[in-house]
Student: 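I have a structure I would like to understand better, so I am pasting it below and will then ask my questions one at a time.
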Amino acid sequence: MSDKNENIKDLSRRHFLRNSAVTGVAGAGLAGGFGAGTLMGSRPAEAAAGSEHDVAPGELDEYYGFWSGGHSGEVRILGIPSMRELLRIPVFNVDSATGWGITNESKRVLGPNAPLNGDTHHPKVSYTDARYDGRYCFINDKANTRVARIRLDIMRADKIIDIPNVQAIHGLTLQRVPKTEDVFAVGEMIIPQPNNGQNMDNPSEYWTMMTCIDADTMEIKWQALVDGNLDNCDTDYTGRFVAASCYNSARGMTLPEMMGPERDWTVIFDVPAIDQAVANGDYTTIGDSNVPVVDAREQAHQGRNPYALYVPTPRSPHGVNTMPPEGKYCVVSGKLSPTCTVIEWSRVGEWFDGGLDDPRDTVVAEPEVGLGPLHTTFDNRGNAYTSLFLDSQVVKWNVEDAIRAYDGEEVNYIRDRIDVHYNIGHLKATLACSRDVDGKYLTALSKFSKDRFLPVGPMHAENDQLIDISGERMQLIHDGPTYAEPHDALMIRADQLNPARIYSRDDPYFAETVAMAQADGVNLETENKVIRDGNKVRVYMTSVAPNFGMTEFRVKQGDEVTVVVTNLDNIEDVSHGFAMVNHGVNFEVHPQQTSSATFIADKPGVHWYYCSWFCHALHMEMSGRMLVEA
Ligand code: CUK
Ligand code: CUA
């Protein structure tokens, strides 16, 4: 930001304060006081028009928002339009509050030796007939090449898998029709195949792949080898195709090399054709992995590639987004090109079925939208909204008009622009990845907040802004500081989710712990008992506010101790926690839940444990002693 802009902002803030004190309302005319020219189309005063979108204390939001937490490794749930953060779901991180990464139940999901960090980008909620069905949220881990599935009844991950043969899972998307059976995960970086220390010096032999995962079993169905680096992806509304943006088609290793060619690709996969190839045994495997790998590179095929269509797309395309509600078009955002490329899905079908010769014939528009287009979202009135990283704007444009312009007609397809603060990455409108798109709100995930919030040191908050898109012109209604670092988000109607209020005693999340108790002959709901098995000690206790069922237990120094707590409270929100002082152990035990953690009692003496979740007037007294004999 230049000083001049700073001054303008400062002025407009003071102007706003003065005017709102007088009128109590910030009118749209406020900015006009400075002349539209001075403000260069920036409309900061409209930020104050949010009162009609306020969610009063005690009132509930209209939408659930699912936010990626970036390199915090988590997924967050926000209420929209209040932008109130409702929950953090730990996934690829260790979480002190819930004990994710500490409990045996979470470690079973994470797997042995799981990395302690992650980088989530693209949360996607499962579909039935292209409508959100509220069953699962899938999320990628770019940092450690994993994919997780989160159960949306208990808001905990129940499966996390490593993806072989690729590095850095970035784009992630789901089959929409007839329902989510396939999960598509994009491997971003190109690597030698196999990546075993041989052939490291020949980048022209580095490759990456698209991975298809079974949504129910979370087993990998196949991988498809491609040309170039893959980036983002999205599916169509028939269940046949998945498209991925592909940058670095020249396979460069350095920035200048990666920016070489004028055009990269959008790679579109014919999913049933690849399924069929796998069924026919027409695949290889690589290294230690037994995942079927189908060769979808251009060079592997004489004539028409039956698995993948490479549509030349201007420079380093990034976002890939299918337009609702019918899913007629796919918009690929240019990033280094000021354009978006609109591909018509039915023409992709024609190409695969032999009806079109030139892959570019699938393109029906290529509007110029502004500098640094990254992602595109949609309303229910035929408009697209593209984030412009370099311009720090959201641009609204009409898709059918862009198609007419591409056909040579003189039409202006740009409808509106609004400044965002600052340098936006993803954006998403309410329900915009589903048939139920409603064109009400749009969230702009800005990468820099700079001067929008009180300074808190060198690390600044991100700024997730909410924009009202229900009218002709976009209106900024909320600034929401967030912790590092939301990439993508999605918003679904509140009625499309039906989370559990308390745990069910037969929840599979802790079924293995229940089975362990059964093998020990312990009834978790009624008994408090210590079972010794060599130097392994299992301590079973209940919790009912404000008491643990056991206020002391005795072990020997060096014992491996597993504490299992079952919360018998069955009133919503009466959660307990179990913290063992000086042992690095704390975990959640929500109503009717069983949780456990295992540690070594390596220090002789008295060690207190206490309830870490404020649960009762006598919460501080909810404690007990572990006596460790030397
Ligand atoms: S990416 Cu971050 S701004 Cu990972 Cu979807 Cu485009
Ligand atoms: Cu139980 Cu605090």
Side-chain angles (χ1 to χ4, degrees), residues 63-69 73-78 86-93 98 100 105-106 108-111 118 120-142 146-163 169-186 211-221 233-235 237 239 242 271 322 428 431-436 487-501 503-504 506-511 590 593:
Y63 303 91
Y64 284 105
F66 288 82
W67 252 241
S68 87
E74 61 196 22
V75 168
R76 302 173 192 150
I77 301 184
L78 273 66
L86 306 177
L87 186 71
R88 295 179 165 202
I89 305 173
V91 185
F92 301 112
N93 53 333
T98 58
W100 184 261
E105 294 72 33
S106 61
R108 280 177 206 130
V109 177
L110 283 156
T120 65
H121 284 227
H122 302 106
K124 294 287 155 77
V125 170
S126 56
Y127 299 98
T128 297
D129 190 30
R131 299 193 144 93
Y132 292 116
D133 63 18
R135 286 184 303 147
Y136 295 120
C137 177
F138 296 86
I139 185 76
N140 71 303
D141 171 17
K142 176 168 170 173
R146 293 180 288 182
V147 172
R149 181 177 74 184
I150 297 166
R151 277 175 54 191
L152 294 186
D153 54 349
I154 60 167
M155 304 294 175
R156 288 289 175 268
D158 74 332
K159 292 271 186 191
I160 294 180
I161 58 168
D162 293 306
I163 312 295
I169 293 296
H170 185 230
L172 182 130
T173 193
L174 308 178
Q175 179 186 4
R176 289 187 170 89
V177 175
K179 68 185 182 72
T180 299
E181 289 171 340
D182 291 342
V183 177
F184 299 99
V186 154
T211 299
C212 178
I213 303 159
D214 184 307
D216 290 316
T217 63
M218 289 297 278
E219 271 162 24
I220 300 174
K221 291 168 82 168
C233 57
D234 202 5
T235 53
Y237 277 56
V242 58
V271 177
T322 295
K428 194 63 64 68
L431 296 137
C433 300
S434 77
R435 280 197 211 290
D436 296 315
H487 282 257
D488 198 0
L490 65 89
M491 294 169 281
I492 76 175
R493 281 198 322 269
D495 65 81
Q496 291 177 310
L497 200 62
N498 186 23
R501 300 302 179 97
Y503 274 89
S504 155
D506 57 7
D507 196 297
Y509 181 55
F510 48 77
H590 300 296
Q593 184 179 17

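Residue numbers count from 1 along this sequence.
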Student: Considering only heavy atoms from C-beta outward, does the side chain of T120 approach that of R76 to under 4.5 Å?
Tutor: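 No, their side chains stay 4.5 Å or more apart.
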
Student: Residues in side chain to side chain contact (heavy atoms under 4.5 Å, CB included) with R501, at least two apart?
Tutor: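 Side chain to side chain contact (heavy atoms under 4.5 Å, CB included) check on R501 returns E572.
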
Student: Does the side chain of L152 reach to within under 4.5 Å of the side chain of I150, using non-hydrogen atoms?
Tutor: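 Yes, close enough: below the 4.5 Å cut-off.
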
Student: Decide side chain to side chain contact (heavy atoms under 4.5 Å, CB included) for W67 and M491; before the verdict, give the C-alpha distance in whole Å, the side-chain angles of both, and the deciding distance to 0.1 Å.
Tutor: CA-CA 9 Å; W67 252 241; M491 294 169 281; 4.2 Å; yes

Student: Given side chain to side chain contact (heavy atoms under 4.5 Å, CB included), test Y136 with V183 step by step and report yes or no.
Tutor: CA-CA 11 Å; Y136 295 120; V183 177; over 6 Å; no

Student: To the nearest 0.5 Å, tell me how far N140 CG sits from C233 SG.
Tutor: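 Separation between the atoms: 9.0 Å.
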
Student: Identify the heavy atoms of L431 and Q496 that sit nearest to each other, and give their distance.
Tutor: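 In terms of heavy atoms, the two residues are closest at CD2-OE1, 3.1 Å.
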
Student: Measure the spacing between CD of E105 and CZ of F510 and express it to the nearest 0.5 Å.
Tutor: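 Output value for this atom pair is 8.5 Å.
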
Student: As an exercise, state the distance from OG of S434 to CG of D133, rounded to the nearest 0.5 Å.
Tutor: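 Between atom OG of S434 and atom CG of D133 there are 11.0 Å.
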
Student: What's the shortest heavy-atom distance between A185 and I213, and which atoms?
Tutor: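 Taking A185 first and I213 second, the nearest heavy atoms are CB-CD1, 4.2 Å.
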
Student: Drop me the distance from I163's CD1 to T211's OG1, to the nearest 0.5 angstrom.
Tutor: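 Result: 5.5 Å between the selected atoms.
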
Student: Quick check: closest heavy atoms across H122 and G171, and the distance to 0.1 Å?
Tutor: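 In this case the closest contact between H122 and G171 is ND1-CA, 3.8 Å.
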
Student: My understanding is that only residues two or more places apart in sequence, or in another chain, count here; which of them pass ring-ring contact (aromatic ring centres under 6.0 Å, His included) with Y132?
Tutor: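 Result, ring-ring contact (aromatic ring centres under 6.0 Å, His included) vs Y132: Y127.
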
Student: Using the rule given for side chain to side chain contact (heavy atoms under 4.5 Å, CB included), can you reason through M218 versus D158, listing the C-alpha separation, both sets of side-chain angles and the distance that settles it, and then say yes or no?
Tutor: CA-CA 10 Å; M218 289 297 278; D158 74 332; 6.0 Å; no

Student: In chain order, what residues pass the salt bridge (charged side-chain N to carboxylate O under 4.0 Å, His left out) check against K221, with sequence neighbours excluded?
Tutor: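 If we apply the salt bridge (charged side-chain N to carboxylate O under 4.0 Å, His left out) test to K221, skipping adjacent residues, the hits are D182.
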
Student: Quick check: closest heavy atoms across V109 and K159, and the distance to 0.1 Å?
Tutor: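 Between these two residues, the closest heavy atoms are CG1-N, 3.7 Å.
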
Student: Has W100 got a side-chain atom pairing as donor or acceptor with S106's backbone, closer than 3.5 angstrom?
Tutor: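 Here the side-chain-to-backbone pair does not exist.
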
Student: Any side-chain to backbone donor/acceptor pair from K428 onto A489? Under 3.5 Å, distance only.
Tutor: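 Such a contact is found between K428 side chain and A489 backbone.
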
Student: Y64 and A494: which non-hydrogen atoms are nearest, and at how many Å?
Tutor: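 So the minimum-distance heavy-atom pair works out to CE1-O, 3.5 Å.
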
Student: Step through the shown structure and confirm whether more than 12 heavy atoms of other residues, nucleotides or ligands are within 6.0 Å of CG on D129.
Tutor: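 Check passes, neighbour count above 12.
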
Student: Any carboxylate oxygen within less than 4.0 angstrom of a Lys/Arg side-chain nitrogen, looking at R156 and D507?
Tutor: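 Salt bridge: no.
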
Student: Decide side chain to side chain contact (heavy atoms under 4.5 Å, CB included) for I139 and L172; before the verdict, give the C-alpha distance in whole Å, the side-chain angles of both, and the deciding distance to 0.1 Å.
Tutor: CA-CA 7 Å; I139 185 76; L172 182 130; 6.0 Å; no

Student: Do H170 and H121 meet the criterion of a side-chain donor-acceptor pair at a distance under 3.5 Å?
Tutor: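 Yes, because at least one side-chain N or O of H170 sits under 3.5 Å from a partner of the opposite role on H121.
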
Student: Nearest 0.5 Å please: distance from the CD atom of E181 over to the NZ atom of K179.
Tutor: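 Reported value, rounded in 0.5 Å steps: 4.5 Å.
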
Student: Does one side chain, of D488 or S68, offer a donor that lies under 3.5 Å from an acceptor on the other?
Tutor: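 Short answer, no.
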
Student: Treating T235 as the side-chain partner and V242 as the backbone partner, does any N or O pair qualify as donor plus acceptor under 3.5 Å?
Tutor: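 Checking the backbone N and O of V242 against the side chain of T235, no donor-acceptor pair under 3.5 Å is found.
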
Student: Taking it one step at a time, do R176 and D234 satisfy salt bridge (Lys or Arg N to Asp or Glu O under 4.0 Å)?
Tutor: CA-CA 10 Å; R176 289 187 170 89; D234 202 5; 3.2 Å; yes

Student: Measure the CZ-CD1 distance between R151 and I89 for me, rounded to the nearest 0.5 Å.
Tutor: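 CD1 of I89 is found 12.0 Å from CZ of R151.
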
Student: Any idea which heavy atoms bring V91 and A148 closest together, and the distance?
Tutor: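 Looks like CG1-CB, 3.5 Å.
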
Student: Could you check whether any side-chain N or O of R149 sits under 3.5 Å from a backbone N or O of D216, counting only pairs where one atom can act as donor and the other as acceptor?
Tutor: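 Such a contact is found between R149 side chain and D216 backbone.
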
